[in-house]
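Here is the structure we will look at.
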Amino acid sequence: MTLIAGIVLPDGNVWMGGERVVGTDGHRLAGPKIFQLTTTRNDKHDPPGVPFLIGFAGAPRVAQTILAVKPPQWKPEYRSLHAWLTDYCANIRARCQAELLIEDSHEGGWLVGGSAALVAIDGHLVRIGCNLSWEELDRPYRATGVAWETWTGAYVAHLDHHRDQLTAARAAWEVAEQLHNIGPLVDELTLS
């Protein structure tokens, strides 16, 4: 069972947290679900790629396949985040179709296992859904996975009592962990 949560912090950094329980054939293994990647550079004369975080909820094979997709190039001064996300999701769809990880549907198909992802890039928090559509979030927090509603509600409730967003996020994690048996918060990454 998976929970991935992200928060845009007041300083513009983005925090992402997750647990490491991966279920495979009835077994529970430990494996990371949050990764820091970099957008592509066309050649060595281009500026360094833009770092981003991605966290996965769903089938482990889908996460492995998405990690093998080359993220498109992005130069914020020349290209919108909207265009980059649209291309990235198209690249993911093509790779997942080639790996037979898209379930047939009249709406273009869904990633197997209801897989979804959170992406943090350039101070933005974005959710990529199982149908490979994406949405930039209009609030500074989001969770995805089995306990996302519990975590989100607990986060908002704890934020009223704790001014520190990370303290509130960790307290919300404990609530979700107890209610959904998701395992402890073990991976935390912050993107500056």
Side-chain angles (χ1 to χ4, degrees), residues 1-24 28-37 51-60 62-63 66-67 81-82 85 88-89 92 103 105 107 110-192:
M1 297 168 118
T2 297
L3 177 63
I4 304 296
I7 305 169
V8 179
L9 301 171
D11 61 6
N13 294 336
V14 182
W15 171 89
M16 196 174 287
E19 43 70 51
R20 284 183 162 243
V21 177
V22 177
T24 309
R28 294 178 80 169
L29 309 168
K33 297 178 186 174
I34 302 173
F35 302 87
Q36 182 167 338
L37 305 176
F52 67 98
L53 302 178
I54 187 165
F56 298 101
V62 171
I66 292 173
L67 288 171
L81 179 60
H82 178 278
L85 285 162
Y88 191 33
C89 287
I92 292 169
E103 296 175 334
S105 169
E107 297 178 11
W110 300 71
L111 293 170
V112 297
S115 299
L118 281 185
V119 174
I121 185 168
D122 197 35
H124 301 274
L125 193 57
V126 177
R127 182 177 184 277
I128 297 176
C130 61
N131 63 352
L132 289 170
S133 66
W134 59 268
E135 61 176 328
E136 186 175 352
L137 304 174
D138 57 359
R139 59 182 185 261
Y141 59 90
R142 179 63 192 245
T144 192
V146 69
W148 75 269
E149 292 171 307
T150 302
W151 186 89
T152 299
Y155 171 70
V156 171
H158 282 280
L159 197 55
D160 290 340
H161 301 289
H162 303 284
R163 294 201 181 273
D164 179 356
Q165 291 182 315
L166 292 185
T167 299
R170 291 179 182 117
W173 203 282
E174 291 175 11
V175 171
E177 179 186 358
Q178 291 170 9
L179 292 177
H180 297 278
N181 189 31
I182 57 168
L185 171 64
V186 295
D187 284 330
E188 295 182 84
L189 294 176
T190 303
L191 183 66
S192 301

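This chain uses plain numbering: 1 for the first residue, then up along the sequence. Side chains included, hydrogens not; waters and symmetry mates left out as well; all remaining heavy atoms used. No experiment lies behind these values; they were computed from the predicted model shown.
- The minimum heavy-atom distance between Glu135 and Arg142, with the atom names listed, is OE2-NH1, 3.5 Å.
- Residues Trp148 and Ala143 share a closest heavy-atom pair of CB-O, 3.3 Å.
- Rounding to the nearest 0.5 Å gives a distance of 8.0 Å between CD1 of Ile7 and CG of Leu159.
- Put simply, the residue from Leu9, Val14, Val8 that forms a side-chain contact (heavy atoms from CB on, under 4.5 Å) with Pro140 is Val8.
- The CG atom of Asp187 sits 11.5 Å away from the CG atom of Leu53 when rounded to the nearest 0.5 Å.
- Judged purely by atom type and a 3.5 angstrom limit, Thr150 has no side-chain atom pairing as donor or acceptor with the backbone of Ala176.
- Gln36 contributes atom CD, which lies 12.5 Å from atom CD1 of Ile54 (distance to the nearest 0.5 angstrom).
- Of all heavy-atom pairs spanning Ala172 and Tyr155, the tightest one is CB-N, 3.4 Å.
- Take Val156 and apply the side-chain contact (heavy atoms from CB on, under 4.5 Å) test, not counting sequence neighbours, and it matches Tyr141.
- When all heavy atoms of Cys89 and Trp134 are compared, the closest pair comes out as SG-CD1, 3.9 Å.
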Would you list the atom pairs, donor with acceptor, under 3.5 Å between side chains in residues 117-129 and any protein atom, with sequence neighbours excluded?
residue	atom	partner	partner atom	Å
His124	ND1	Glu136	OE2	2.5

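- Pairing each heavy atom of Gln165 with each of Pro10, the nearest pair is OE1-CD, 2.9 Å.
- Between atom CG of residue Leu111 and atom SG of residue Cys130 there is a gap of 7.0 Å, rounded to the nearest 0.5 Å.
- Contact between Ala147 and Ile182 at its shortest, heavy atoms only, is CB-CG2, 4.4 Å.
- Using cut-offs of 30° and 60° for the angle between ring planes, the His161 and His158 rings count as perpendicular.
- We find the CZ-CD distance between Arg170 and Glu188 to be 4.0 Å, quoted to the nearest 0.5 Å.
- The environment of CZ in Arg163 is sparse: at most 12 heavy-atom neighbours from other residues, nucleotides or ligands sit within 6.0 Å.
- To the nearest 0.5 Å, atom CD1 of residue Ile66 and atom CZ of residue Phe56 are 5.0 Å apart.
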